[in-house]
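Because only heavy atoms are used, hydrogens play no part in the values below, and waters and symmetry mates are left out as well, while side chains stay in. Positions are given from 1 along the sequence.
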Amino acid sequence: MTTLVHGSDTLTRDALTVLQPGFVGTTAPDWLLRRIGEGLSSVGLFGRNIVAPEQLAALTAQLRAERDDVLVAIDEEGGDVTRLEVKQGSSFPGNYALGSVDDVELTRAVARELGRRLVQCGVDLNWAPSADVNSNAENPVIGVRSFGPDPDLVARHTVAYVDGLQGVGVAACTKHFPGHGDTNVDSHDALPRIDVDLATLHARELVPFRAAVAAGTKAVMSAHILLSALDPHRPATLSPQILTGLLRQELGFEGLIVTDGMEMQAVAATYGIERGSVLAIAAGADAICVGGGLCDEDTVLRLRDALVTAVRTGELPEERLADAAARVRALAAWTQAHRARGAGSVPGAAVQEGTAPGADIGLVAARRALKVTRGEHPHTPVTDAPYVASFTPVANFAVGDETPWGIAAELQRLLPGTETGSFDEPSVDAVLAAAGERRIVAVVRDAHRHPWMTEALDGLLAARPDTVVVEMGLNEAEPRGALHIATHGAARVCGRAAAEAVVGTGA
């Protein structure tokens, strides 16, 4: 058994310090405030915790009334993955749209405005950006969350995004190290495996992370993926070779290493969250993210006790836990210093679209990201209320099914009387019957990954060649329809830009 250098109170505080748990509710529960007082240094926010900017600002103020240096983290990528606007859809296009424009100053401006809104709501750690190179178009979980398939493009936009966030005092957490792009399995469901050689990993996956580290990203999030060339036995989150050997020693990263959600099946199904958390800290991680699914006090206590027990039995060196806790506190001090410099601002102010200089940058970016292709059939703008047929795939866990997507609401605003229907593997006859005599706008998401979408579009276009097709996922399939609009993402502003193009009023 290891001889403890510090007393049990210090050990318990360190164990609490490295946890980043979630909770249920739009105000902080008593148990969470109590644990913050005992040493819990971070809290993770999800869509279930957010109703409006003013409410979020009040919530973060409640947390900091208990402890003024608590880190408040969120998974706010913009685009398809939004927590700030989980019920409305994001005011910002996601990475794929920004990468398709390939203007790093635009990406920096979008990240800066997103960061400004987070700051105004009291959030200071963003589990973003995704620096994954989307080299596998069949990837079910990354897709439009990546800037694209080219490592250098992803690297330069990752750097711009980090600069934009951190320039306004929000710590960036670049993810999912060492790269989740070449997978065909969602790590929320099972353990993805990447079997490429080291040369490929260094030339592709690691390029954006090297750039992010050089740019000073304050945090990096690990991926629950098995890279056999680096560690054939353990996923990256639990691998000393990857977290300590590669990220710390080879890439020279000195900031905070955060795990992806420990309740994800890629880790939890094999190791369990307690064992997985101990192995992650031992491997070099500094903060345990948990709370997307498990979000109660019992989870926090189980993980706290598992870490304390691992130190007392000698499985986890106390120095490693103390080092991890020190890195959490160092990042908290950095964000606290930024908040102090901006103390003159009013929490909750100027957070809605259109209320501050640059607040429309998301719509500007979404319009620039559109790719419009005319088909062989003559196209005229849609001027009468159309029928919108949304072909709806199952949403991945990161995106969730709470956030609306599509263009029907935006077309309804431009053309009152627009009707819509959502279809999962529909018959063409059902769509035609629902549409009647109206022009049809078919909205798809990753049509190349769903044969039923391709089949439905083939039948629909054969019957109604004047149909407009809007692709809101990866733009991999050949353009089809009288007009084909690729939005490069399904954020609300992407839908608005597409609706403008459908009616012929696009900027």
Side-chain angles (χ1 to χ4, degrees), residues 75-86 88-103 106-107 109-111 113-114 128-134 137 139-150 153-154 157-158 160-161 164 181 353 360-373 390-393 395-396 398-411 441-450 453 469-477 479 484-502 506-507:
D75 192 12
E76 182 58 46
E77 299 176 14
D80 289 29
V81 179
T82 179
R83 311 304 179 213
L84 285 181
E85 300 177 279
V86 67
Q88 301 84 30
S90 182
S91 299
F92 304 93
N95 286 2
Y96 185 45
L98 296 172
S100 71
V101 177
D102 195 14
D103 178 347
L106 179 66
T107 296
V110 166
E113 175 61 18
L114 177 58
S130 167
D132 305 296
V133 178
N134 199 53
N139 195 314
V141 68
I142 301 300
V144 296
R145 300 168 66 196
S146 167
F147 289 110
D150 177 72
L153 179 144
V154 175
H157 287 277
T158 296
Y161 207 103
E353 182 175 351
D360 64 346
I361 189 66
L363 181 58
V364 170
R367 287 168 173 162
R368 289 184 62 186
L370 285 188
K371 181 179 180 181
V372 180
T373 305
S390 295
F391 296 169
T392 307
N396 72 58
V399 173
D401 57 10
E402 290 182 280
T403 304
W405 69 283
I407 70 168
E410 296 298 334
L411 275 176
V441 179
V443 184
V444 297
R445 202 168 179 176
D446 292 341
H448 70 287
R449 292 184 51 236
H450 302 286
M453 281 189 197
V469 177
V470 180
E471 169 62 83
M472 302 195 80
L474 287 183
N475 188 32
E476 292 286 326
H484 183 275
I485 303 167
T487 62
H488 302 95
R492 175 172 54 82
V493 286
C494 296
R496 179 173 172 181
E500 293 170 348
V502 168

Query raised in the report: Quick one: does S390's side chain have a donor or acceptor within less than 3.5 Å of a partner on V443's backbone?
Result: no
Query - Gap between atom CD of E476 and atom CG of D446 - 0.5 Å precision - result: 9.0 Å
Query raised in the report: Which pair of heavy atoms, one from D80 and one from A490, lies closest together, and at what distance?
Result: OD1-N, 2.8 Å
Query raised in the report: Quick check: does any side chain N or O of N134 sit under 3.5 Å from a backbone N or O of P149, one acting as donor and the other as acceptor?
Result: no
Query raised in the report: Going from CG on D75 to OG1 on T82, what distance comes out if it is rounded to the nearest 0.5 angstrom?
Result: 9.5 Å
Report summary line: Taking every heavy atom of V444 against every heavy atom of W405, the minimum-distance pair comes out as O-CZ3, 4.1 Å
Query raised in the report: Do S91 and E85 meet the criterion of a side-chain donor-acceptor pair at a distance under 3.5 Å?
Result: yes
Requested in this report: Please assess L474 against H448 for the test side chain to side chain contact (heavy atoms under 4.5 Å, CB included), listing each intermediate value before the final yes or no.
Outcome: CA-CA 8 Å; L474 287 183; H448 70 287; 3.6 Å; yes
Query - Nearest non-hydrogen partners of A498 and V470, listed with the distance - result: CB-CG1, 4.1 Å
Report task. List the steps and the verdict of side chain to side chain contact (heavy atoms under 4.5 Å, CB included) for E500 and E410. Result -> CA-CA 8 Å; E500 293 170 348; E410 296 298 334; over 6 Å; no
Report task. First locate atom CD of E77, then atom CZ of R145, and finally report the distance between them rounded to the nearest 0.5 Å. Result -> 4.0 Å
**Report entry** Beyond-backbone contact of V502 with V441, side-chain heavy atoms, under 4.5 angstrom
**Finding:** yes
Report summary line: All heavy atoms of L98 vs all of A365, minimum pair found to be CD2-CB, 4.1 Å
**Report entry** Spacing of CZ belonging to R496 relative to CZ belonging to R367, to within rounding of 0.5 Å
**Finding:** 5.5 Å
Query raised in the report: When rounded to the nearest 0.5 angstrom, what is the spacing between OG in S146 and CG in L153?
Result: 8.5 Å
Query raised in the report: Considering all heavy atoms of both residues, which atom of R492 and which atom of Q88 are nearest to each other, and what is their separation?
Result: CD-O, 3.4 Å
**Report entry** Those residues that, when tested against E471, pass side chain to side chain donor-acceptor pair (under 3.5 Å) (two or more places apart)
**Finding:** none
**Report entry** With V101 via side-chain contact (heavy atoms from CB on, under 4.5 Å) - residues at least two apart
**Finding:** D103, L106, R368, A369
Report task. Please confirm whether the backbone N or O of L363 pairs with a side-chain atom of D360, one donor and one acceptor, at under 3.5 Å? Result -> no
Query raised in the report: If you take all heavy atoms of N95 and P129, which pair is closest and at what distance?
Result: ND2-CB, 4.4 Å
**Report entry** Test item: E76 side-chain N/O and L84 main-chain N/O as donor-acceptor pair under 3.5 Å
**Finding:** yes
Report task. For the residue pair I407 and M472, establish whether any side-chain heavy-atom pair is separated by less than 4.5 Å. Result -> yes
Query raised in the report: Can you tell me if Y96 uses its side chain to pair, donor with acceptor, with the backbone of N475 under 3.5 Å?
Result: yes
Requested in this report: Could you pull out all residues at least two apart from F147 that satisfy ring pair (Phe, Tyr, Trp, His ring centres under 6.0 Å)?
Outcome: H157
